[in-house]
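Below: the structure, in structure tokens.
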Amino acid sequence: IDSYDTVWTGSWDGINRHSTNGKINKPLWTFPSVNVHSFLEDNNFNVWIGSDNGLGRYNLNTGRLDIFTNEPKNPKALSNNTVYNMMMDKDQNIWLGTGGGLSRLIKGTENGIPEFLNWRSPASELPSNDVYCIVDGGDGTIWMSCGNMISHFFPGQNKFRNYDHNDGLPGENFRGM
């Protein structure tokens, strides 16, 4: 639910916005018809849209939609066009779990062309480039599901602690937390 009490839903064929009284359903036709994974509203009335076709930014006040995709030669670009999950931590940092690793939006770039800090495997200790879910640890750390592992990231130290079946985790292919 955004700041205007609109419920956003995504599916394999696009985005719909529903009033909380259930009477208004508005498709967002300007967004490509692709699999939509997640939504996040920031403090600037931007609704960020994670999809298989990049990262969308829809401004609630202007109705403007921008879509950002991976630029392989730009290290500050979105790490991958598949954005699975997004989370805003207590310091208002926006974190993205993508098919190309973990990304953090660089503050001050959220209203222009966004720039990102990116952590990818194997260059970092991130166990997999598929980061499906991100959870704020509440203590300045980030927890993530990364395929067959759960990862605990300590941003201040730029360190990851990874957990798998050797640590007692049952099963494989963790998608949510």
Side-chain angles (χ1 to χ4, degrees), residues 1-3 7-11 15 31 34-58 66-70 75-111 114-165 167-177:
I1 297 177
D2 67 25
S3 295
V7 177
W8 291 68
T9 59
S11 66
I15 296 172
F31 197 82
V34 297
N35 194 15
V36 174
H37 297 283
S38 57
F39 298 95
L40 175 76
E41 183 180 354
D42 68 16
N43 295 331
N44 296 304
F45 299 100
N46 293 313
V47 174
W48 296 91
I49 305 163
S51 77
D52 284 341
N53 198 37
L55 179 66
R57 179 185 61 207
Y58 181 84
D66 297 298
I67 298 173
F68 306 99
T69 56
N70 175 260
K76 290 187 177 180
L78 183 65
S79 64
N80 189 277
N81 287 338
T82 300
V83 178
Y84 294 115
N85 191 250
M86 297 175 284
M87 184 270 300
M88 185 183 302
D89 68 19
K90 64 180 180 160
D91 296 323
Q92 309 306 306
N93 291 304
I94 297 176
W95 297 85
L96 290 80
T98 76
L102 174 67
S103 297
R104 188 186 82 208
L105 181 67
I106 296 173
K107 285 184 180 178
T109 68
E110 59 274 357
N111 290 316
E115 294 182 345
F116 301 89
L117 294 175
N118 297 302
W119 291 266
R120 296 181 179 99
S121 177
S124 71
E125 297 170 343
L126 187 66
S128 167
N129 280 330
D130 288 318
V131 179
Y132 297 112
C133 185
I134 306 171
V135 177
D136 187 344
D139 59 358
T141 65
I142 308 285
W143 288 87
M144 297 163 279
S145 59
C146 303
N148 293 340
M149 293 188 172
I150 301 295
S151 187
H152 192 190
F153 181 49
F154 301 83
Q157 302 166 5
N158 201 34
K159 295 282 184 190
F160 293 84
R161 166 66 169 99
N162 301 312
Y163 301 87
D164 63 12
H165 67 278
D167 298 294
L169 288 178
E172 297 179 357
N173 202 5
F174 300 103
R175 295 286 178 130
M177 295 180 72

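Computed over heavy atoms, backbone and side chain alike; hydrogens, waters and symmetry mates excluded.
- Between the CZ atom of Phe160 and the CD1 atom of Ile142 there is a distance of 10.0 Å, given to the nearest 0.5 Å.
- Heavy-atom minimum distance, Tyr84 versus Ser38: O-OG, 3.3 Å.
- More than 12 non-hydrogen atoms from other residues, nucleotides or ligands lie less than 6.0 angstrom from NZ of Lys107.
- Distance check, rounded to the nearest 0.5 Å: CG of Asn81 to CG of Asn70 gives 5.5 Å.
- Looking at heavy atoms from C-beta onward, Ile94 lies out of side-chain contact with Glu110 at the 4.5 angstrom threshold.
- The pair Asp167-Arg161 meets the salt-bridge criterion, with a side-chain N (NZ, NE, NH1 or NH2) lying under 4.0 Å from an Asp/Glu carboxylate O.
- Atom CD1 of residue Ile134 and atom CE of residue Met144 lie 7.0 Å apart, to the nearest 0.5 angstrom.
- Two residues are said to be in side-chain contact when any heavy atoms from C-beta on lie closer than 4.5 Å; Phe39 and Asp2 fail this criterion.
- Side-chain contact check for Asn118 and Ser103: at least one donor-acceptor pair (N or O, by modelled atom type) lies under 3.5 Å.
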Quiz prompt | Full working for side-chain contact (heavy atoms from CB on, under 4.5 Å) between Asp42 and Met88 | solution = CA-CA 8 Å; Asp42 68 16; Met88 185 183 302; 3.8 Å; yes
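- Residue Leu96 holds its CG atom at 11.0 Å from CG of Asn80, rounded to the nearest 0.5 Å.
- With contacts defined as side-chain heavy-atom distances shorter than 4.5 Å, the pair His152/Tyr163 qualifies.
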Practice problem: With side-chain contact (heavy atoms from CB on, under 4.5 Å) as the test, would you mind laying out the steps for Asn148 and His165 before giving the verdict? | Solution: CA-CA 8 Å; Asn148 293 340; His165 67 278; over 6 Å; no
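- Side-chain contact, His37 with Ser51: no donor N or O sits under 3.5 Å from an acceptor N or O.
- Aromatic ring centroids of Trp48 and Tyr58 lie 6.0 Å or more apart.
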Exercise. Would you check, one step at a time, whether the test side-chain contact (heavy atoms from CB on, under 4.5 Å) holds for Cys146 with Ser151?
Key: CA-CA 7 Å; Cys146 303; Ser151 187; 4.1 Å; yes
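- Counted by atom type alone, Ser79 and Thr98 present one or more donor-acceptor pairs between their side chains at under 3.5 Å.
- Atom CZ of residue Phe154 and atom CD of residue Glu125 lie 10.5 Å apart, to the nearest 0.5 angstrom.
- Asp136 and Trp95 are not linked by any side-chain donor-acceptor pair at a separation below 3.5 angstrom, with hydrogens and angles left out of the test.
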Quiz prompt | Ile150 and Leu169: CA distance, side-chain angles, deciding distance, side-chain contact (heavy atoms from CB on, under 4.5 Å) verdict | solution = CA-CA 9 Å; Ile150 301 295; Leu169 288 178; 3.6 Å; yes
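- Checking Glu41 against Asn46 by side-chain atom types alone, no donor-acceptor pair falls below 3.5 Å.
- Pairing each heavy atom of Thr109 with each of Arg57, the nearest pair is O-NH1, 4.4 Å.
- Rounding to the nearest 0.5 Å gives a distance of 10.0 Å between CG of Leu105 and CG of Leu40.
- In plain terms, the two heavy atoms of Met87 and Asp89 that are nearest each other are SD-N, 3.5 Å.
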